[in-house]
Amino acid sequence: MPLKVYNSLTRQKEVFQPINPPYVGMYVCGPTVSGESHLGHARPFITFDVVYRYLKFLGFKVRYVRNITDAGHFEEEGRDAEDKISKKAVLEKLEPMELVQKYTNLYHWAMSRFNNLPPSIEPTATGHIVEQIEMIKKIIADGYAYEANGSVYFDVEKYNTDFSKKGQPYGILSGRVLEDQIESTRELDNQDEKRNKSDFALWKNAPAEHIMRWQSPWGEGFPGWHIECSAMSTKYLGEEFDIHGGGMDLQFPHHECEIAQSTVCNHKMPARYWLHNNMITINGKKMGKSYNNQIKLTEMFTGTHPMLAQAYSPQTIRFFILQSHYRGTLDFSNEALQASEKALKRLWDAYEWVIAQQFADNSTAKDASLDANVVKLVGEFTEFMNDDLNTAKVLANMFELVSIINSIKDKHIQADALSSATVQLLQTQLKQFVEEVFGLKNERESDDGKLNGVLQLLIDIRKEAKSKKDFLTSDKIRNELAALGVQLKDEKDGGMSYSIS
RNA sequence: GGUCCUGUGGCCGAGUGGCUAGGCAGAGCUCUGCAAAAGCUUCCACAGCGGUUCGAAUCCGCUCGGGACCUCCA
């Protein structure tokens, strides 16, 4: 069964066929680095990290482009159209680029803690002003944009009229009809400069107080909020590429505008497959700026937010996100995150144990039906991923395997119940999916061996105490280590192991 | 108002018309000096009302509820 993905453009699952196999071009809308990332931002970055990882797993050569928006978009609160980054820079008395750097660093830090692979190219908007200006010039030359008072606007009406004839009206991605839009569009700043309310800015004239500004054929200004993605995706992935991803809230107007801009410039629909992840909700409401209900990632990791009962590690959050399908909403709650934390630990413990085991050679399975079941569960990993990346179902299978693995570990099931071939399949596939595809990693503090030595010593003392039935001493060791965050476990075979939380 | 999505057991969440997803929590048992961990068993579902069907959580209709986008937003 080939990989199928749900394409927002066609509103159905489609077989994924790259334009130039084995190469795949994927563009994902990155962060605006005018502030800290919150939990909601984590979803697309983790979701598309898994898409990236899975495509690589399937053998595709992927160029993954994810931009950094550092040029500042409008914040049209009240009357003054201001550049978010400039405004905040003044407040914090930082240079705009200093501020951008600070939040970019913080973002990269969070991404690495999630164990997200860095994209192949991470272009910045400020680094591509020239490309954006060139693109705008082309759109004007083709007659789909006009200048007004040093700003440039995209003529949505004309685009819609002309491209509807080619079967590509404005609104094709989000299923909107332009005529319905016009009446409902809100009053925006400088509305009078536009010919129509639905027109959007390609370039904005910079008022005197605006710090971030660039020279252009239309005077000093800054780019509009959609053009960077069109310019950079075209530059690095070509006029037509395979996958465009992002959050569902970007579908309209952002991605719709990208389609219009790119189509005028390149005479092609920019991307073939449009993938959109759904939102993280909190108390049933989307976590986002509009509701002022975000929990920043730094707050998640440290537990410093009134809504948080405790800190949640990056891998717990990653696992939490993987437990649901990316196109559904995912509701945040302490209970849900705590469940994820425990589940992840159970999965990881069993996983670590089984891949480290050397099983004796065993050509025939003593328990044929169990053996067959393991083969089936493992085989379904790709089957489920191929069905629009159903990570939730893969995890369900992994937990069924966890039970089997733990039973072998506890000797409820004999090791020779499974054939060597099956054990090997289990080990390799689990490793591939847990680490390579899902990108889960061990969060335990790495130590230099000294800590391990100290703990082994304590374990030995505890064993001795136990053998003498000196439970006072043995319990003291266990309890005091527990208070320090080290859990001792008595194994079935009389051994002991520890884990550090 | 327009476009669209959604309503699953205490909580989070999968789900192809017929075969109890899974996780966390609860209960019992096994193991254990006691714990913890683990294993086994078990309880608790498909918003409501109709319809299609031999059979529906799954398809259709209506009602009620929740949400997203239409404006910056992942």
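In what follows, every chain begins at residue 1, and chains take the letters A, B, ... in the order their sequences are listed.
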**OP:** Indicate, with a heavy-atom threshold strictly under 4.0 Å, whether A:Ser290 touches base, sugar-phosphate, or nothing.
**Re:** base
request  = Please state whether the base of B:rC5 and the side chain of A:Arg11 form at least one donor-acceptor pair under 3.5 Å?
outcome  = no
| query | Given B:rG13, is OP1 or OP2 found less than 4.0 Å from the side-chain N or O atoms of A:Ser324? | reply | no
| query | Do we get A:Lys393 above A:Phe384's six-membered ring, with its NZ or CZ under 6.0 Å from the centre and within 45° of the axis? | reply | yes
Side-chain contact check for A:Gln323: nearest option of B:rA35, B:rG22, B:rG39 is B:rG22
Only residue of A:Ile405, A:Leu377, A:Leu347 satisfying side-chain contact (heavy atoms from CB on, under 4.5 Å) with A:Met398 is A:Leu347
Residue set satisfying salt bridge (Lys or Arg N to Asp or Glu O under 4.0 Å) with A:Asp155, at least two apart, ordered chain then number -> A:Arg195
Next on the checklist: Measuring only the P atom in each nucleotide, how far is B:rA27 from B:rA68? A whole number of Å is fine.
Outcome noted: 37 Å
Requested in this report: Between B:rU58 and B:rC73, how far apart are the P atoms? Round to whole Å, please.
Outcome: 38 Å
>> On the nucleotide B:rG15, are OP1 or OP2 found under 4.0 Å from the side-chain N or O atoms that A:Asn390 carries?
In response: yes
Picking from B:rG33, B:rC40, B:rC69, the nucleotide nearest the side-chain atoms of A:Asp249 would be B:rC69
To the nearest angstrom, the CG-P distance between A:Leu330 and B:rG13 comes to 5 Å
Between A:His325 and A:Asp388 the two heavy atoms that sit nearest each other are CE1-O, 2.8 Å
Under 4.0 Å, counting only non-hydrogen atoms across every strand here, what does A:Ser474 touch: a base, just sugar-phosphate, or nothing? base
Does B:rG15 have OP1 or OP2 under 4.0 Å away from a side-chain N or O of A:Lys393?
no
- Message: Does this structure show an ion pair linking A:Lys463 with A:Asp490, if we count only N-O contacts that are shorter than 4.0 Å?
- Response: no
Checklist entry - What interatomic distance, in whole Å, is found between P of B:rC70 and the corresponding atom of B:rU63? => result 27 Å
*side-chain N/O A:Lys342 vs B:rG23 OP1/OP2, d < 4.0 Å*: no
Tell me whether the NZ or CZ atom of A:Arg346 lies within the 45° cone about the ring axis of A:Phe399 and under 6.0 Å from its centre. no
Picking from B:rC73, B:rC12, B:rC34, the nucleotide nearest the side-chain atoms of A:Lys286 would be B:rC73
- Distance between the P atoms of B:rG61 and B:rU3, in whole angstroms? 15 Å
Residue pair A:Ala336/A:Lys409 against RNA chain B: nearer the 5' end by closest nucleotide is A:Ala336
note: A:Gln12, atom CD; B:rC4, atom C1'; distance rounded to Å ~ 16 Å
With a 3.5 Å cut-off and heavy atoms only, can you find an N or O donor on one side and an acceptor on the other between the side chain of A:Ser333 and the base of B:rC11?
no
By the Watson-Crick or G-U definition, both distances under 3.5 Å, B:rC62 is matched with B:rG48
Rounded to whole Å, CG of A:Leu389 lies from P of B:rA14 at a distance of 14 Å
Exercise for the section: Considering just the side-chain nitrogens and oxygens of A:Tyr326, establish if one lies under 4.0 Å of OP1 or OP2 belonging to B:rG13. Expected result: no
For B:rA56 and B:rA25, measure between their C1' atoms and round to the nearest Å.
-> 30 Å
Any side-chain N or O of A:Arg346 below 4.0 angstrom from OP1/OP2 of B:rG39? yes
Touch check for A:His325, heavy atoms < 4.0 angstrom, all strands: base, sugar-phosphate only, or nothing?
-> sugar-phosphate
**Prompt:** When the P atoms of B:rC34 and B:rC29 are considered, how many whole Å apart are they?
**Reply:** 14 Å
pair_partner(B:rC40), Watson-Crick or wobble, both distances < 3.5 Å, evaluates to B:rG28
In whole angstroms, the gap separating C1' of B:rC73 from CZ of A:Phe200 amounts to 18 Å
**Message:** For a quick check of understanding: with a heavy-atom distance under 4.0 Å over all strands, which category does A:Gln251 fall into, base, sugar-phosphate or nothing?
**Reply:** nothing
Any strand, both distances under 3.5 Å, Watson-Crick or G-U wobble: B:rG1 pairs with B:rC70
- Message: Is it the case that B:rG13 (base atoms only) and A:Asp331 (side chain only) share a donor and an acceptor within less than 3.5 Å, ignoring hydrogens and angles?
- Response: no
A:Ile282 CD1 to B:rC73 P, in whole Å, measures 21 Å
Margin query: Take a 6.0 Å sphere around CG of A:Leu484 and say whether it holds more than 12 heavy atoms from other residues, nucleotides or ligands.
Written below: yes
In Watson-Crick or G-U wobble terms, with both distances under 3.5 Å, the base opposite B:rG33 is none
- Nearest-Å distance once atom P is located in both B:rG33 and B:rG26: 24 Å
Testing B:rC73, B:rG23, B:rG39 for proximity to the side chain of A:Asp410, the answer is B:rG39
Q. Between the side-chain atoms of A:Asp490 and the base atoms of B:rA35, is any donor-acceptor pair under 3.5 Å?
A. yes
Next item on the list: Pick base, sugar-phosphate or nothing for A:Gly175, based on heavy-atom distances below 4.0 Å to the nucleic acid.
Entry: sugar-phosphate
Assert: residue with more 5' nearest nucleotide on RNA chain B, out of A:Asp475 and A:Lys13, is A:Lys13
- Contact class for A:Ala343 vs. all strands (heavy atom < 4.0 Å): base, sugar-phosphate, or nothing? sugar-phosphate
From NZ of A:Lys194 across to P of B:rU71 the rounded distance in Å is 9 Å
Taking 4.0 angstrom as the limit, do A:Asp470 and A:Lys466 come out as a salt bridge?
no
Separation of B:rG23 atom P from A:Phe319 atom CZ, nearest Å, is 10 Å
In terms of heavy-atom contacts, A:Ala309 and A:Gln338 come closest through CB-NE2, 4.0 Å
Interatomic distance at P, B:rC60 relative to B:rG18, whole Å = 16 Å
_Once you measure the plane-to-plane angle for A:His38 and A:His41, does it fall in the parallel (<30°), tilted (30-60°) or perpendicular (>60°) bin?_
tilted
Any strand, both distances under 3.5 Å, Watson-Crick or G-U wobble: B:rC54 pairs with B:rG18
Under-4.0 Å side-chain N/O to phosphate OP1/OP2 contact, A:Lys466 with B:rC34: no
Considering only heavy side-chain atoms of A:Arg478, the closest of B:rA35, B:rG39, B:rG67 is B:rA35
A:Arg462 CZ to B:rA35 C1', in whole Å, measures 9 Å
| Across the strands shown, which category fits A:Met279 at heavy-atom distances under 4.0 angstrom: base, sugar-phosphate, nothing? | base
- Indicate, with a heavy-atom threshold strictly under 4.0 Å, whether A:Phe399 touches base, sugar-phosphate, or nothing. sugar-phosphate
